[in-house]
Amino acid sequence: MTHLWVRAEQRPNEERVGLTPEGAKALIAAGISVSVEESSVRAIPIDGYRAAGCAITPENSWPGAPEEAIIFGLKELPDDGTPLRHRHILFGHAYKGQPAGQVLLARFGAGGGTLYDLEYLVNEEGRRVAAFGYWAGYAGAAVALKCWVAQQGSGLCGPVATYDSSTHLLADLQSQLVATGSHRPTAIVIGALGRVGTGAADLCTAMGVPVTRWDMAETASGGPFPEILQHDIFLNCILARPGTPVFVPASARTAARRLSVIGDISCDPDSDFSPIKVYDRTTTWDAPALRVHETPPLDVTAIDNLPSLLPVESSQDYAEQLLPSLLTLRNLEDGVWGRAEQTFKDQMERLGA
C-alpha cells in the first residue's frame with residue numbers, strides 16, 4: 001500500500017502544512033495510508049488528522065519511517081548531512097545552482113533517495129499544479145509596506161509574526177499606514193499577471209496603494225528599466241530563470257531614485273539568474289529588512305517562507321490545489337510524479353551523482 005508520511009516542519013517560523021485533515025481523509029478513502037507527525041507549531045491541529053483516520057507519529061520521527069514511505073513536507077530538511085534514503089516531497093530549492101541545494105542533492109545521491117520537488121510538479125503543459133504564489137505575493141507586499149512605514153519614522157522594519165487571518169493582517173497594516181499620515185507610496189509589481197503578482201497587487205489595492213502592473217510584455221526589451229526607480233516600492237514576483245533580465249542593477253544603490261523598498265517576493269538571491277543585484281542573502285522574520293544603502297535609504301526584504309505569515313489560509317489553499325496530484329501517488333512513474341522524478345534524475349546526472 002502506498003504510504004504518505006507527513007512530517008513536522010523543523011525550520012523556524014514555519015507553521016504550514018501541505019495536507020489538511022479533509023485531504024487526508026480523501027487519501028485514505030482512495031487506499032493510501034497516511035501517517036502524520038505531531039507538531040508543536042503546525043497551524044492546523046493534530047486532532048483533525050486523528051479523526052480522519054491517520055496514524056499519528058512522534059514529531060520529527062520521519063528518519064525512522066519505513067523504507068517505502070513517501071516523506072512529505074514543505075520546507076527544507078535539517079542540514080545535518082545525513083544520507084537521504086526515502087522518497088521525499090518538498091521544496092528543494094536545488095535546481096538553479098543554489099549552494100545549499102547542491103548539498104541536498106548530494107545527500108540524496110549518498111542515500112539513494114528521490115526528490116519530488118514541489119516547485120517542479122507540473123502538468124502536460126509545464127504549468128505548476130500547485131503553488132503558494134498568491135499568498136506569497138499578498139504577504140510579501142504587506143512586509144514591504146511595513147518596511148516603508150518604518151522608513152517614514154527613519155527606522156528599519158522590526159520583527160514580523162503570523163496572523164490568524166488575512167483580515168487581521170489588513171487591520172494591523174491599515175493602522176500602521178494611518179499612523180504615517182495621508183500619503184501613500186506607489187508600487188510597481190513585475191509578474192503582475194501571475195499568482196504571486198496578483199496577490200501582491202491585491203494587498204496594495206486593499207491598502208489604497210497605487211500599483212503599476214508589469215508583466216512579460218513590459219520587460220521584453222531586456223532593460224534597463226528606469227521606471228522601477230521612479231516608484232517607492234518594487235515588488236518582484238517573477239521566477240528567476242535563464243534569460244531573466246536584470247531589474248535592479250548594483251548601480252541602483254547610488255542612482256537618482258524614488259525607490260526605497262524592494263520586496264523580492266520570489267526570493268532567490270543566490271541564484272545565478274537573480275534579477276536584483278543589490279543584495280546577496282535572504283532576510284528573516286526577526287530582521288525582515290536589509291539596508292543596502294543609507295542615504296537615501298534602500299531596504300530589501302526577501303523572506304523565503306512568506307505564506308507562513310498566514311499559515312491557515314495558505315495551507316488550505318495549497319492543499320486543495322495539490323490534493324488531486326496526491327491522489328495519484330500510487331502511480332509514481334507517470335504524470336506529475338513521473339515528470340518530477342525525471343527532473344531529479346536529470347539534475348543528478350548533471351552533478352555526476
Side-chain angles (χ1 to χ4, degrees), residues 91 93-102 119-120 126 128 131 133 136-137 140-141 143-145 147-148 151 157 185-201 204 209-284 288-304 306:
F91 287 104
H93 302 294
Y95 297 164
K96 290 183 286 185
Q98 303 97 322
Q102 306 312 292
E119 188 175 337
Y120 293 85
R128 289 174 63 178
V143 176
L145 275 173
C147 292
W148 181 86
Q151 289 178 347
C157 184
T186 60
I188 181 169
V189 175
I190 297 185
L193 296 181
R195 286 177 281 202
V196 180
T198 299
C204 290
V209 172
V211 186
T212 299
R213 294 170 169 86
W214 277 16
D215 209 85
M216 293 180 68
E218 291 80 5
T219 60
S221 68
F225 304 106
E227 298 91 340
I228 295 173
L229 302 185
Q230 296 163 10
H231 292 75
D232 296 293
I233 299 172
F234 165 44
L235 300 171
N236 177 46
C237 300
I238 63 98
L239 180 64
R241 61 183 70 214
T244 298
V246 172
F247 298 143
V248 183
S251 60
R253 294 187 185 93
T254 55
R257 56 178 165 80
R258 181 173 175 177
L259 183 69
S260 66
V261 176
I262 298 170
D264 189 6
I265 297 170
S266 296
C267 194
D268 224 354
D270 58 355
S271 168
D272 296 337
F273 317 122
S274 173
I276 299 172
K277 302 303 185 184
V278 296
Y279 85 115
D280 60 1
R281 59 192 181 276
T282 58
T283 61
T284 67
L290 172 67
R291 181 146 296 178
V292 297
H293 193 75
E294 197 61 48
T295 307
L298 181 59
D299 295 340
V300 179
T301 179
I303 296 173
D304 65 1
L306 282 164

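Computation of the quantities below employed the complete heavy-atom set of this structure, encompassing side-chain atoms and omitting hydrogens, waters and symmetry-equivalent molecules.
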(request) Kindly indicate whether the side chain of C267, heavy atoms from C-beta on, has any atom under 4.5 Å from the side chain of I303. (result) no
(message) Do P275 and I238 have side chains that approach each other closer than 4.5 Å (heavy atoms only, starting at C-beta)?
(response) yes
(request) May I ask you to decide if A302's main-chain N or O and T283's side chain share a donor-acceptor pair within less than 3.5 Å? (result) yes
(message) If you define the side chain from C-beta out and look only at heavy atoms, does anything of L235 sit under 4.5 Å from C204?
(response) yes
(request) Please examine the side chains of L298 and I262, heavy atoms only from C-beta on, and report whether any two atoms are closer than 4.5 Å. (result) yes
(request) Indicate yes or no: at least one non-hydrogen side-chain atom of I276 is less than 4.5 angstrom from one of P269. (result) no
(message) A quick test of your reading: do over 12 heavy atoms of other residues, nucleotides or ligands sit less than 6.0 Å from CZ of R291?
(response) yes
(request) Verify, without hydrogens or angle tests, whether R253 (side chain) and V278 (backbone) share a donor-acceptor contact under 3.5 angstrom. (result) yes
(message) Treating D268 as the side-chain partner and A240 as the backbone partner, does any N or O pair qualify as donor plus acceptor under 3.5 Å?
(response) no
(request) Could you tell me whether the side chains of S260 and D232 share a donor-acceptor contact shorter than 3.5 Å? (result) no
(request) Please name the pair of heavy atoms, one in G191 and one in D215, separated by the smallest distance, quoted to 0.1 Å. (result) C-OD1, 3.2 Å
(message) Checking the side chain of R257 only, and the main-chain atoms of P296 only, is there a donor and an acceptor separated by less than 3.5 Å?
(response) yes
(request) Please confirm whether the backbone N or O of R241 pairs with a side-chain atom of T244, one donor and one acceptor, at under 3.5 Å? (result) yes
(message) Please evaluate residues E119 and L239 with respect to the criterion side chain to side chain contact (heavy atoms under 4.5 Å, CB included), reporting the C-alpha separation (whole Å), side-chain torsions for both, the decisive distance (0.1 Å), and the verdict.
(response) CA-CA 11 Å; E119 188 175 337; L239 180 64; 3.3 Å; yes
(message) With side-chain contact (heavy atoms from CB on, under 4.5 Å) as the test, pick out the partner of R258 among I233, T186, I228, L229.
(response) T186
(request) Taking the side chain as every heavy atom from C-beta outward, state whether E227 and W214 have any pair of such atoms under 4.5 Å apart. (result) yes
